[in-house]
J.: 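Below is one structure. I have some questions about it.
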Amino acid sequence: MSAFAITSTIEEQRAIVRCEGELDLETSADADSHLRKVEDAEVSEIVLDLRMLEFMDSTGLRTILAADSRARRDGRRLLLVRGPESVHRVFRIALLDQRLEFADPPGEGGPDV
């Protein structure tokens, strides 16, 4: 099992949140709490960088969906930087790759995160 870490930086109206390890039943509460604190900073855009995730289950997916719902409600943009194929596959299976906004990693046409 890999440890989970979540960090963030805020630059003007943009927060960059980086997840590392496994986003699952055991760690999703920490991720949700961290995302809510970032939202309290009243930024207009949150970039959720999933490149360092090794695993994500449906609980992690639900955490991201909740953050997206709050962002839409509050007029904020949530942008996801694609994670490894094993992580992105969870979004595709649930057809959420069509609902959520994704960016390719930097160097592949994605944002500079």
Side-chain angles (χ1 to χ4, degrees):
M1 180 183 337
S2 175
F4 177 74
I6 186 167
T7 59
S8 59
T9 56
I10 297 176
E11 302 166 355
E12 297 180 21
Q13 289 296 307
R14 181 186 209 201
I16 300 171
V17 180
R18 293 177 177 88
C19 296
E20 182 177 341
E22 299 181 2
L23 180 54
D24 56 17
L25 179 62
E26 185 177 330
T27 62
S28 63
D30 290 340
D32 184 66
S33 176
H34 190 96
L35 286 166
R36 288 176 185 272
K37 287 178 186 172
V38 168
E39 293 164 8
D40 287 345
E42 298 183 19
V43 294
S44 60
E45 179 180 65
I46 297 173
V47 177
L48 186 55
D49 187 345
L50 306 177
R51 290 178 291 170
M52 298 302 292
L53 276 185
E54 297 169 10
F55 174 81
M56 183 176 71
D57 68 6
S58 61
T59 310
L61 185 62
R62 186 171 42 240
T63 300
I64 293 172
L65 282 173
D68 181 65
S69 292
R70 291 189 305 270
R72 290 174 191 259
R73 178 195 69 206
D74 297 339
R76 180 180 296 126
R77 178 181 185 210
L78 178 69
L79 178 65
L80 305 172
V81 177
R82 291 180 199 277
E85 179 56 31
S86 60
V87 170
H88 195 68
R89 182 174 181 261
V90 177
F91 292 101
R92 276 200 322 276
I93 289 171
L95 300 176
L96 292 170
D97 60 331
Q98 299 170 23
R99 176 179 176 232
L100 299 170
E101 186 176 358
F102 285 91
D104 292 321
E108 297 177 27
D112 183 21
V113 292

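Note that these values count all heavy atoms, side chains included, but never hydrogens, waters or copies made by symmetry.
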J.: Do I6 and I10 sit in one hydrophobic cluster, given that two such residues count as connected whenever their side-chain heavy atoms are within less than 4.5 Å of each other, even indirectly?
T.: yes
J.: Which residue pairs pass the side chain to side chain donor-acceptor pair (under 3.5 Å) test when at least one of the two sits in residues 93-102, sequence neighbours left out?
T.: R77-E101
J.: Do L100 and L79 have side chains that get closer than 4.5 Å, going by heavy atoms?
T.: no
J.: Could you walk me through whether D49 and V17 satisfy the side chain to side chain contact (heavy atoms under 4.5 Å, CB included) test, starting with their C-alpha distance in whole Å, then the side-chain angles of each, then the deciding distance to 0.1 Å, before giving a yes or no?
T.: CA-CA 6 Å; D49 187 345; V17 180; over 6 Å; no
J.: Quick one: are E45 and R76 in side-chain contact, heavy atoms under 4.5 Å?
T.: no
J.: A side-chain contact here means heavy atoms from C-beta on lying under 4.5 Å apart; do F102 and R82 qualify?
T.: yes
J.: Given R36 and D32, is the salt bridge (charged side-chain N to carboxylate O under 4.0 Å, His left out) satisfied, shown in steps?
T.: CA-CA 6 Å; R36 288 176 185 272; D32 184 66; 2.9 Å; yes
J.: A quick test of your reading: do over 12 heavy atoms of other residues, nucleotides or ligands sit less than 6.0 Å from CD of E12?
T.: no
J.: Go through the steps to decide whether E39 and H34 satisfy the test side chain to side chain contact (heavy atoms under 4.5 Å, CB included), and finish with yes or no.
T.: CA-CA 9 Å; E39 293 164 8; H34 190 96; over 6 Å; no
J.: Would L48 and L50 count as a side chain to side chain contact (heavy atoms under 4.5 Å, CB included) here? Give the steps.
T.: CA-CA 6 Å; L48 186 55; L50 306 177; 3.8 Å; yes
J.: Does the T27 side chain pair with the main chain of E22, one donor and one acceptor, at a distance under 3.5 Å?
T.: yes
J.: As an exercise, state the distance from CG of L53 to CZ of F4, rounded to the nearest 0.5 Å.
T.: 6.5 Å
J.: Evaluate the side chain to side chain contact (heavy atoms under 4.5 Å, CB included) criterion for residues V43 and R14: first the C-alpha distance (whole Å), next the side-chain angles of each, then the deciding distance (0.1 Å), finally the verdict.
T.: CA-CA 6 Å; V43 294; R14 181 186 209 201; 6.0 Å; no
J.: Say whether, by atom type as modelled, one donor and one acceptor occur between the side chain of S33 and the main chain of D30 under 3.5 angstrom.
T.: no
J.: Sequence neighbours left out, what passes side chain to side chain contact (heavy atoms under 4.5 Å, CB included) with V90? Give chain and number order.
T.: M56, L61
J.: Test of understanding: clusters of I, L, V, M, F, W, Y form through side-chain heavy atoms closer than 4.5 Å, transitively. Do I46 and M52 belong to the same one?
T.: no
J.: Measuring from atom CG of D74 to atom CD of E42, what distance do you get when rounded to the nearest 0.5 angstrom?
T.: 9.5 Å
J.: So does G60 get a backbone contact from the side chain of D57, meaning a donor-acceptor N/O pair under 3.5 Å?
T.: yes
J.: Would a distance-only check, ignoring hydrogens and angles, find a side-chain to backbone donor-acceptor pair under 3.5 Å from S44 to Q13?
T.: yes
J.: Please name all residues satisfying ring-ring contact (aromatic ring centres under 6.0 Å, His included) with F55, sequence neighbours left out, ordered by chain then number.
T.: none
J.: In sequence, state the C-alpha distance, the side-chain angles, and the governing distance for D68 and R72, and then conclude on salt bridge (charged side-chain N to carboxylate O under 4.0 Å, His left out).
T.: CA-CA 6 Å; D68 181 65; R72 290 174 191 259; 2.7 Å; yes
J.: Let me confirm one number: the NE2-CD1 distance from H88 to I93, rounded to the nearest 0.5 Å.
T.: 11.0 Å
J.: Looking at R89, I want to see if its CZ is surrounded by more than 12 non-hydrogen atoms of other residues, nucleotides or ligands under 6.0 Å.
T.: no
J.: How about L23 and I64: do any of their side-chain heavy atoms sit closer than 4.5 Å?
T.: yes
J.: At their closest point, which heavy atom of S8 faces which heavy atom of V38, and how far apart are they?
T.: OG-CG2, 3.7 Å
J.: Any heavy-atom pair between the side chains of E54 and V87 that's under 4.5 Å?
T.: no
